[in-house]
Amino acid sequence: MLTPLSWLQKYVDITVSPENLAHLLTMVGLEVESIERFGENFNSDQIVVGEILEINQHPNADRLLLPKVKIGSTETVNVVCGATNLSPGIKIVFAKPGATLFNQKSGKFQKLKASAIRGISSPGMICSELELGIGQNHENILILDKSLEPGSSLQDTFSDTILDLSITPNRPDCLSIIGVAREVAAITNKKLSGPEISYKENSSVSTSSPVEIHIESLDLCKRYCGAVVENITVGPSPTWLKAALAKMGHRSINNIVDVTNYVMYETGQPLHAFDLNKIQDSKIKIRPAKNKEKLLTLDNESIELNPSMLVIADSKNPVALAGIIGGLNSSVSQNTTRILLESANFNPTSIRKTASSLKLRTDASYRFERNPNEALASKALKRAIHLIQKTSSQKVSCGKIIDAPETQLDSMSLQLHGSAIEKLLGVKISQKEALSVLHKLGFQSNAQTQTGPSNDWAAKISIPDWRSDIKIQEDLIEEIARILGYDQFPTSNISSSIPEYLPNMPLHLREQVRDACAEFGMQEVITYSLKNESLLSSVSSDDPQNFVNIANPLNSETKTLRTNLMVGILETLSSNQNFLKEGPVKIFEIGRTFVNKPGSLPIQNEMAVGLISGNTFSEGWTNANNRKLDFYDIKGILENILSKLKLEAKYIPSKDALLVKGQSADILIGETKLGKIGKISNHILSSFEVDEANTFLFELNLNTIYSKFKNKITFRPFATFPTSERDLTVLADTSIPSEKIESIILESKLVTKCLPVDIYKQDHGNQKKSITYKIVFQSPSKTLTSNEVANEIEKILFKLKKTLNIDFREK
Amino acid sequence: MEATNETEKIISEQLSSLNKIDTTESLEEWRVNTLGRQGVITSILKSISSLPVEERKAAGSAANQGKTRLQDAFGIKQKQLLANASSNSSDSIDVSLPGRPATRGKLHIVTQTIREISSVFVSLGFQIQEGPEVEWGKYNFDMLNIPQDHPARDMWDTLWVEKNHDDSEPLLLRTHTSPMQARIMESSTPPIRVIIPGKCYRYEATDATHEWQLTQIEGLAVDSDISFADLKGTLYEFAKRIFGQDRQVRFRCDYFPFVEPGVDMSIDCFKCSGKGCSICSHTGWIEILGAGMVHPNVFKGVNYDPEKYKGFAFGMGVERIAMLKYEIDDIRNFYTNDLRFLSQF
């Protein structure tokens, strides 16, 4: 809400600086976003009123004129001008050399220099709104009131300070200059003076221009006030009105339309003026639109209507979209002689729905959506009539205000208790202080004596009609608190008892996984949860039917919620490939994934993905053994993470299509799948434009971890007797996983550790591999002799031969 | 006793002169002067016979103990000098070269900031909970006193989930973490003191200060005796711990449909100390979070008696806090995941 201080000043005396006023308003909830200076260039002697005395043709150019301009009591100048709306006798804005004007070509404000145009010197310029920096019109020069004195300054009219206020949705009353003035009066202890609304009524108008108003649905239109004004002459607005609208960033149209806009900014009530001659049968019907009915709006746009939209119609056609925009055909034009002024109150929800479905947001719809008070309709209408009579010729006559339906407005009241204030704010406030704040804001009170034993107080508070946002006692308490100032209230520490502790195990475990991922060398990334649908389906094993899609996506790249974390991590690798020159890229992400579940919220499981890519190489003098990262690098990281959570996993070859067959595994905890690990397929890498083939990842479903995690650790005594180490080399089918051999070796009660230390594949006729295990023997009860160890090895070998057909291999 | 004290003094003088020795030559010189035939110890031992009989025993034992200490110290010093001598030449390395990099990852700056903020509130008795990112419309709006078709909904531009069946209740990506206020109150009874960190989403064009994906931390405290003063005290404490002990805070009126009174908390600009600069838009103050006393309609929606219970709620943007703290000038950095950005924190 733009608020020019000169306008505000009409209703309240402002005695503080603009900066201070901005601070005060911000503190009470009317946040000032900026303080702007308007028409600063008018503050100099170089911009003055000029009078066109005569107009001559430029001798060297057909399209240029050479008017003679009076710019002082005796001073005149001849300047070159190209505008078409010049005529002798009019008053204009004249800029002398040195004046600051907006230069359309450079797009900047510049100092005007005297120059010669087509051989004729031009010591100054007749200005348009654009050149003056107060509007967009640059084809025509700005025409001023005839009453202005040539040579006089325009500073008071155009130069202003404007506060740009951000008005929260609960305060429709402050979408008006008067509303802001009311707040200023309350916070600076000043009196508010309302605008003049008196006007002359002419009873004969109801006979010369009878109008019939009919509201079809009182739900959609609570109140419709109308008045007929006859004998009007449509023309340019007076200078003060043009200036006022210019400051609001609004174009001046004509003296009638400008008044309706002025009153809207002033009071917050949108109004509309119809050319009564264009209203068929002088009948106004407020009704739902018919299906496919059309309206050509003031913006010259044809819109198609439907029965959910409310229109103002004459006996045949819609003439306006209620509360949003008028129709072009019934609008006020140069030839209009009598008008119907409308000031109504429409259902906010209906206005909001219509405006958003047509994507047609106007100053009027913005205000009606916020439910302005009903009482405003007749007040604003009177103010508009007053201004039309004030700015027009004597002949203008106005009929009686038609108020449909005849409205009786009930005033609302609330009970306020001292004890309620104390309970909410944590401090006692006296009745006197509380009521004095409310009175300043226009509330009225009726103090009551308290009948309880306490020293509580109570009062009945009447809510002023413009404060429809005040509905409960807490709203009143906020009014008191914000005007006294939140900073004035005490602070304390919560004294209530600390709530019972509820462990949040998933969060605890997830953060452990997160710490472990970083600890073991990976950088955390966080990517967007929404992905491109086809990219997601290329890496997802989920049926696209189960994707959760956005109905109104920002773009196609953000249409679908991720079902796994692959897309994000691969995109991150792709965009960071440059770093592969400096060393490996190791990244991880933890986040939610989303799978549709009809009739309920989507399944929102947490997952973790880790990815490594490139070589072990890292830049610098220490780099000696550079090799490609491999499966066992990513597996080592994963094992570390799981061991931190005391989880033991099994790895079995995976058939996952996204991973390279033979270099990938499913990760199992017991029989439950925890996730997958392996080398990423080339076709996946190439669809993310990743050139590095040595790229490995693991993906874990954290919910499995949450369900498998056992919190309890029990101390195990460790044996103190000496250990014996033996290396054992076996020859096994390549298809037998080492893990199976290890588990058989570990079945021996005397074996405490079994670690593969050397592996090589050799063609021993039929695809065999040789593995050397370092085995540690230890007895819990005595020192083992070498015979006992040898016997135990014999037993192990026998078992290996029997179960897996594995041979002992002599060195 | 005088002789014994004198002996002690001489011994400690010898020890301290030994400490200063750094060459084998001066060590040998010290040995001759102290422990040699003509050395100080020998002369002390010789002088004992001239003492009165009753003092001889004590003086003798002091002298012998002192001699042992000096001999031990001499041995240690001798080894030290030998070790130094041997490591001097070809074994020495250039200690100025960088060390072997130990691979280490880092947590995302958003994670770090969530943890930092959370730890403040945990120490004030708040517990951490989380909630669904895809949420029912009623929790995101209706139960927070934001009815359908109310202009207040414009405060949160929403990404709606495509309807698949004829779900009567619309699904959306939560626009704030506030839906958890209603969910938590529905499923528990006061006292309540929780914070809820999590991702939120908005239908919003991105620029340097706006992102469509963001992280919020919500807070809620409810009990029979929670007041506006507690809100101020708790949030003031938070601001001081995150932004520094000497921060000033400012509370002003603001509007959020689910609180009354509504609050906006600002801190004085840490860059310009309130003088006005580009970080604080020349106001001297920086908005940090929105807060307020829980609206009675929200209590009614979860079947709490608004006469009996009071509470405060607050919500803040994690990225915003991080941007202020680390002077990050573009919010889009957070989810672009350029390693040059992430590795800085």
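Just so it is clear, the values below take in all heavy atoms, side chains as well, and ignore hydrogens, waters and symmetry mates. So that the names make sense, note that chain A is the first sequence line, chain B the second, and so on, each numbered from 1.
The list of salt bridge (charged side-chain N to carboxylate O under 4.0 Å, His left out) pairs with a residue in residues 220-230 of chain B, not counting sequence neighbours, is empty.
Looking only at distances, no side-chain donor or acceptor of A/Glu524 sits under 3.5 Å from a matching main-chain atom of B/Thr111. A donor-acceptor distance shorter than 3.5 angstrom exists from the side chain of A/Lys423 to the backbone of B/Lys308, with no hydrogens or angles considered. A side-chain donor-acceptor contact under 3.5 Å links B/Gln127 to the backbone of A/Leu502. Panel note: side chain B/Lys232, backbone A/Tyr486; a donor-acceptor pair is recorded below 3.5 Å.
No hydrogens or angles considered: a donor-acceptor pair under 3.5 Å links the side chains of A/Ser529 and B/Tyr201.
For the atom pair A/Thr558 OG1 and B/Leu159 CG, the distance stands at 7.5 Å (nearest 0.5 Å). The OG1 atom of A/Thr349 lies 8.5 Å from the NE2 atom of B/His150; values are rounded to the nearest 0.5 Å. Taking OG1 of A/Thr26 as the start and CG of B/Asp264 as the end, the distance is 9.5 Å to the nearest 0.5 Å. Interatomic distance, CZ of A/Phe520 versus CZ of B/Arg104, reported as 14.0 Å (0.5 Å rounding). Taking CD1 of B/Ile128 as the start and CD of A/Glu511 as the end, the distance is 8.0 Å to the nearest 0.5 Å. Atoms NE2 and CH2, on A/His23 and B/Trp285 in that order, are 8.0 Å from each other to the nearest 0.5 Å.
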Given side chain to side chain contact (heavy atoms under 4.5 Å, CB included), test B/Val161 with A/Phe594 step by step and report yes or no.
CA-CA 12 Å; B/Val161 169; A/Phe594 305 84; over 6 Å; no

Show the numbers, then the answer: is there a side chain to side chain contact (heavy atoms under 4.5 Å, CB included) between B/Leu171 and A/Val548?
CA-CA 10 Å; B/Leu171 276 174; A/Val548 181; 6.0 Å; no

Evaluate the criterion ring pair (Phe, Tyr, Trp, His ring centres under 6.0 Å) for residue pair A/Phe489 and B/Phe251; output intermediate values, then yes/no.
CA-CA 10 Å; A/Phe489 290 93; B/Phe251 294 90; over 10 Å; no

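Counting non-hydrogen atoms of other residues, nucleotides and ligands closer than 6.0 Å to CD of A/Glu33 gives a total above 12. Open room surrounds NZ on B/Lys138; 12 or fewer heavy atoms of other groups in view lie less than 6.0 Å from it.
The choice from A/Gly426, A/Pro506, A/Ser496 that makes the most heavy-atom pairs within less than 4.5 Å of chain B is A/Ser496. Taking B/Arg340, B/Met293, B/His295, B/Arg250 one by one and counting their heavy-atom pairs under 4.5 Å with chain A, the maximum is reached by B/Arg250. For the options A/Asn504, A/Thr168, A/Asp475, heavy-atom pairs under 4.5 Å to chain B are most numerous at A/Asp475. When the candidates A/Met27, A/Arg352, A/Glu589 are compared by the number of heavy-atom contacts under 4.5 Å with chain B, A/Arg352 comes out ahead. Ranked by heavy-atom pairs shorter than 4.5 Å toward chain B, the options A/Leu561, A/Val427, A/Ile550 are led by A/Ile550. Most heavy-atom pairs under 4.5 Å with chain A: of the set B/His282, B/Glu135, B/Gln213, this distinction falls to B/Gln213. Taking A/Asn493, A/Asn555, A/Asn549 one by one and counting their heavy-atom pairs under 4.5 Å with chain B, the maximum is reached by A/Asn549. Interface check for chain B: of the options A/Met522, A/Arg514, A/Arg592, the most heavy-atom pairs under 4.5 Å are formed by A/Arg592. Counting heavy-atom pairs under 4.5 Å between each of B/Glu204, B/Gln129, B/Met155 and chain A puts B/Glu204 at the top.
Remark: A/Lys471 does not engage B/Glu260 in a salt bridge, criterion side-chain N to carboxylate O under 4.0 Å. A salt bridge links A/Glu474 with B/Lys310: the distance from a Lys NZ or Arg NE/NH1/NH2 to an Asp or Glu carboxylate oxygen falls below 4.0 Å. Comment: B/Asp254 does not engage A/Arg482 in a salt bridge, judged by the lack of any side-chain N to carboxylate O separation of less than 4.0 angstrom. A salt bridge is defined here as a Lys NZ or Arg NE, NH1 or NH2 lying under 4.0 Å from an Asp or Glu carboxylate O, and A/Lys559 with B/Glu162 meets this definition. Ion pairing between a basic and an acidic side chain is recognised when a charged N comes within 4.0 Å of a carboxylate O; B/Asp149 and A/Lys353 show such pairing. Between B/Arg252 and A/Glu31 a salt bridge is recorded (basic side-chain N to carboxylate O distance below 4.0 Å).
With a threshold of 4.5 angstrom between heavy atoms, B/Asp154 approaches chain A through its backbone and through its side chain. Proximity to chain A (any heavy atom under 4.5 Å) is restricted, for B/Leu173, to the side chain, taken from C-beta onward. Residue contact with chain B, scored on non-hydrogen atoms closer than 4.5 Å, involves the backbone of A/Pro553 exclusively. At a 4.5 Å heavy-atom cutoff, the contact between B/Val263 and chain A is made by backbone and side-chain atoms alike. There is no contact between B/Gln148 and chain A, counting heavy-atom distances below 4.5 Å. Proximity to chain A (any heavy atom under 4.5 Å) is restricted, for B/Thr158, to the backbone atoms N, CA, C and O. Interface residue B/Glu287: only side-chain heavy atoms are found under 4.5 Å from chain A. Within the 4.5 angstrom heavy-atom criterion, only side-chain atoms of A/Val585, from C-beta onward, approach chain B. Interface residue B/Arg115: only side-chain heavy atoms are found under 4.5 Å from chain A. Interface remark: B/Phe334 contributes backbone atoms only to the contact with chain A (heavy atom separation under 4.5 Å). With a threshold of 4.5 angstrom between heavy atoms, A/Ile526 approaches chain B through its backbone and through its side chain.
Between B/Trp212 and A/Tyr528, the two ring planes are parallel [angle under 30°; tilted spans 30° to 60°].
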